[in-house]
Amino acid sequence: MQEWHGLQWEFTTPSTSCTFMDMTIAINNNTATTTIFEKAQNLYLYIPPTSAHPPGMIHSLIYGNILCIHRLCSHPHDIHSKSQEFFTRLTQRGYSPFKITPVFKQAHINALSFLSRRNYPHHQPNIPPQNKLFIHLQNHPQDPNPHKIHQLWNSCVAHPAQQTPLRHIKNLHGNKINIEHLTIAYSRPPNLGNLFSIHKISGRGMNVSSFIVD
């Protein structure tokens with residue numbers, strides 16, 4: 001076996017549990033159970049609240065991790081303990097327990113709702129595409145609140161008082177503009193890694209698979 005393509009193989013004694021990537025699989029009483037596997041060297045360096053990231057970043061981080069916990073943990077007590085550990089690590093990074101507690105509660109509700117629907121066919125309703133205007137902004141902590149921007153859009157552009165709504169205004173060709181909704185797409189500013197570690201890959205050469213001989 002050690003001569004197969006020059007790979008070094010390591011063999012372990014057969015066991016009722018094993019770790020595969022980020023999950024530990026075990027067999028107890030002829031039942032397979034799973035839980036999250038975490039490396040002891042993991043420092044859990046989550047993005048701190050002082051970073052200039054969009055406000056929705058922490059919501060996405062919590063929602064995604066809580067859904068992962070629900071998916072990978074078989075037992076409710078594992079879900080509770082892993083969620084508590086995740087909560088503690090975020091507070092240690094500087095997040096306010098008062099601010100992230102409601103986000104955690106909603107994340108658990110969303111995860112249970114999502115997992116309850118995954119085994120049923122989901123038919124997306126035939127909704128006509130909405131006519132949206134997309135604005136791409138680089139996030140800055142001193143930017144106006146997105147809610148305020150949407151209010152100004154609706155009151156001054158989309159539905160101005162006693163004036164023709166934007167969607168009914170015609171362009172130079174006589175066609176209605178037909179734009180009503182505004183979507184603000186935020187991106188983070190470049191970090192030190194982007195500025196000092198610029199990777200430009202050129203001349204890729206042959207695929208790795210071309211060197212494998214059956």
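This chain uses plain numbering: 1 for the first residue, then up along the sequence.
- Linking Ile, Leu, Val, Met, Phe, Trp and Tyr residues whenever their side-chain heavy atoms come within less than 4.5 Å leaves F114 and I69 in two separate clusters.
- Note that CD1 of I177 is 12.0 Å distant from CZ of R167, once rounded to the nearest 0.5 Å.
- No side-chain heavy atom of Y44 sits less than 4.5 Å from a side-chain heavy atom of T88.
- Summarising the geometry, atom NZ belonging to K132 is positioned 12.5 Å from atom CD1 belonging to I179; distances are rounded to the nearest 0.5 Å.
- Under 3.5 Å, the side chains of Q84 and H80 contain no donor-acceptor pair of N or O atoms.
- In this structure, I47 and L61 have side chains that are not in contact, with every pair of non-hydrogen atoms separated by 4.5 Å or more.
- By the 4.5 Å heavy-atom criterion applied to side chains, F37 and L72 are not counted as neighbours.
- To the nearest 0.5 Å, atoms CD (Q92) and OH (Y46) are separated by 10.5 Å.
- Taking 4.5 Å as the limit, some side-chain heavy atom of L115 sits within range of a side-chain heavy atom of L67.
- Side-chain contact between H75 and T35 is absent, with no heavy atoms from C-beta onward closer than 4.5 Å.
- Residue C73 holds its SG atom at 10.5 Å from CE of M23, rounded to the nearest 0.5 Å.
- Side-chain contact between I79 and S83 is present, with heavy atoms from C-beta onward closer than 4.5 Å.
- Contact check for I58 versus L90: side-chain heavy atoms found under the 4.5 Å cut-off.
- With a 4.5 Å cut-off on side-chain heavy atoms, Q106 and I109 count as touching.
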